[in-house]
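Labels below follow one simple rule: chain letters A, B, ... track the order of the sequence lines, proteins then strands, and each chain is numbered from 1.
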There are 2 protein chains.
Amino acid sequence: MDQVPFETPASLLRPVRHGNAFEETIERLLQTIKLGLFAAGDKLPPERELSEQLGVSRATLREALAELQKAGYVEVQRGRYGGTYVALKLPAGRGKGTALDPAEVDDALAFRSVLEPAAASLAARAKLSARERRHLLDTLADVATAPAELYRPKDARFHVAVAELAGSPSLAAAVADVRARINDLLDRIPFLEPNLEHSNRQHQRIVDAILRGDDEEARQAMEDHLLGTASLLHGFLGPGEERSEIPTQPN
Amino acid sequence: MDQVPFETPASLLRPVRHGNAFEETIERLLQTIKLGLFAAGDKLPPERELSEQLGVSRATLREALAELQKAGYVEVQRGRYGGTYVALKLPAGRGKGTALDPAEVDDALAFRSVLEPAAASLAARAKLSARERRHLLDTLADVATAPAELYRPKDARFHVAVAELAGSPSLAAAVADVRARINDLLDRIPFLEPNLEHSNRQHQRIVDAILRGDDEEARQAMEDHLLGTASLLHGFLGPGEERSEIPTQPN
DNA sequence: TTTCAATGGACTATTTTTAGTCCACTGGCT
DNA sequence: AGCCAGTGGACTAAAAATAGTCCATTGAAA
């Protein structure tokens with residue numbers, strides 16, 4: 001059987017860096033855009049700021065931005081009041097290139113279902129400022145009124161917004177990361193018209209619970225909401241597990 | 001008030017790399033040792049293997065190992081059947097150098113209390129192999145019989161072992177990371193003789209629940225167990241919050 | 001109309017990191 | 001006794017990344 005020995009701990013003997021700085025920077029910026037943290041048309045921070053925030057030299061950042069520009073994700077304007085702007089129309093992710101890795105699907109979904117319900121619960125328990133409540137409602141409205149073709153980034157932004165209210169930056173970052181992983185997985189399966197109304201009702205239920213301070217309901221609402229993506233992705237893992245139907249929730 | 005604008009998302013605009021490869025490699029190896037994933041006297045993987053696992057060139061890994069050797073964390077033997085060994089007696093962390101950052105304390109504790117109870121719950125729900133059960137019991141026994149001066153690494157190893165049973169590598173990695181952060185925090189406060197017996201009883205309760213498949217009890221037991229560290233660290237954040245007593249649980 | 005500050009663009013020297021190669025040492029095996 | 005495979009040790013050339021500096025462009029403000 002040649003079992004993996006417990007003596008060799010995988011938990012920390014993993015890559016310190018994932019590729020070179022250039023690739024990591026591209027990846028991070030792409031995630032930020034695809035998660036809707038910068039919406040279409042938004043201006044990115046100036047290069048000098050952004051390079052500092054990303055912990056990378058300006059030269060490297062510029063290489064990454066040049067790639068994104070070439071690929072059509074951002075547009076650049078020079079001069080004062082210029083800057084780098086997220087393209088109004090994002091290029092279609094070519095997706096479907098590679099098959100789903102079942103281990104990655106299971107891991108991402110499991111991790112997500114640990115993080116997001118907990119975040120919702122913490123958000124409900126937190127004392128939210130008026131501004132935070134407003135922001136949550138804004139984000140909710142934004143996703144509710146989004147047209148289908150850009151539902152996913154708005155939806156992702158809503159989920160990250162919830163996580164940010166939980167008060168733990170690490171948790172928010174982890175939620176954003178795992179959501180980006182799930183977006184990548186979703187990009188690889190055929191597009192199904194999602195049931196936006198159902199999803200929006202679930203979002204509303206989550207927000208209601210958070211604003212009401214009902215942490216258990218918030219957790220439960222988020223758990224329910226995540227089931228959609230879970231079975232959607234599992235449904236495309238092919239045979240080996242029994243599937244009853246193909247669900248249509250978008251996230 | 002100059003509020004942080006929600007328009008600038010902090011969740012993903014964070015450093016892509018934390019220092020240079022050399023520093024990150026030292027950090028990772030130190031964590032691995034301090035978490036007890038390599039116990040005192042254990043042999044590390046050969047440099048060629050380790051450098052690949054860490055995603056770093058052998059030259060960089062060797063620089064890091066040289067530092068650890070100089071600091072007394074590892075010892076090196078040349079020749080066949082030689083290798084790099086974790087020192088039998090680890091140097092005392094000089095600690096107490098810097099004060100606790102309340103935000104870091106809160107973040108680490110909050111994140112941890114999301115991850116570990118969930119991991120315990122998942123482990124209880126998982127179908128564990130005989131080998132996994134044995135490993136869990138071994139690790140439990142190892143921490144229970146550890147002398148006080150090296151209780152912390154054994155304890156950390158137990159917690160990571162639980163997380164690894166949850167079946168999500170991401171979750172296990174996150175647990176290991178956050179535990180390392182908490183270890184660093186604990187290094188900065190005066191040493192209090194921990195109540196090892198109490199801690200061991202809690203460990204036993206967690207293991208019992210997992211082996212019994214009682215996921216709710218496992219979650220609850222882990223939550224209770226984490227309260228000790230939480231109030232211990234909060235107790236050292238100084239005034240500003242009311243503290244009733246100084247708890248003594250070691251983790 | 002002119003100015004000028006904020007922005008992207010470009011270049012250089014230096015440092016870090018890598019991949020590859022060969023050397024040196026050691027202890028079990030033949 | 002000698003071999004030799006597996007280990008750490010050391011060096012080189014190349015590539016990647018950084019810090020620093022200066023240039024080019026722009027549009028609002030004076």
B:T84 side chain near D:dG8 phosphate (N/O to OP1/OP2, under 4.0 Å): yes
Can you tell me how far [atom2] of [N] sits from [atom1] of [X], to the nearest Å?
| X | N | atom1 | atom2 | answer |
| --- | --- | --- | --- | --- |
| B:R80 | C:dA24 | CZ | C1' | 16 Å |
| B:Y85 | D:dT7 | OH | P | 9 Å |
| B:E67 | C:dT16 | CD | P | 13 Å |
| A:L50 | D:dT18 | CG | P | 13 Å |
| A:L44 | C:dG8 | CG | P | 9 Å |
| A:R62 | D:dC22 | CZ | P | 18 Å |
| B:K43 | C:dT26 | NZ | C1' | 12 Å |
| B:E63 | D:dC11 | CD | C1' | 13 Å |

Closest contact, heavy atoms only, A:F111 versus A:R181: CD2-NH1, 4.3 Å
A:S51 to A:R48 - nearest heavy-atom pair and separation: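 Distance-wise, the nearest heavy atoms are OG-O, 3.1 Å.
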Pair A:D155 + A:R179, salt bridge at N-O below 4.0 Å: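 A:R179 and A:D155: salt-bridged.
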Electrostatic pair A:D187-A:R152, nearest N-O below 4.0 angstrom: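 Judged by the 4.0 Å cut-off on N to carboxylate O distance, A:D187 and A:R152 do form a salt bridge.
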Distance (rounded to the nearest 0.5 Å) between A:N183 CG and A:Q31 CD: 9.0 Å
Distance-only donor-acceptor test (3.5 Å): side chain A:R78, base D:dA24: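 Indeed there is one.
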Any donor-acceptor N/O pair under 3.5 Å between D:dG20 base and A:R58 side chain: no
Check: A:V56 main-chain N/O paired with A:T60 side-chain donor or acceptor under 3.5 Å: no
Donor-acceptor under 3.5 Å (B:D42 side chain, B:V86 main chain):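 Side chain of B:D42 to backbone of B:V86, a donor-acceptor pair under 3.5 Å: no, none is there.
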Residue met sooner reading DNA chain D from 5', once B:Q77 and A:R48 are mapped to nucleotides: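 Its nearest nucleotide lies further toward 5', so the answer is B:Q77.
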Sorted by number, the residues of residues 17-24 of chain A with heavy-atom contact under 4.0 Å to DNA chain C: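 Hits under 4.0 Å, by residue number: none.
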Closest listed nucleotide, where the reference is the side chain of A:T60 and the choices are D:dA17, C:dG8, C:dT18: D:dA17
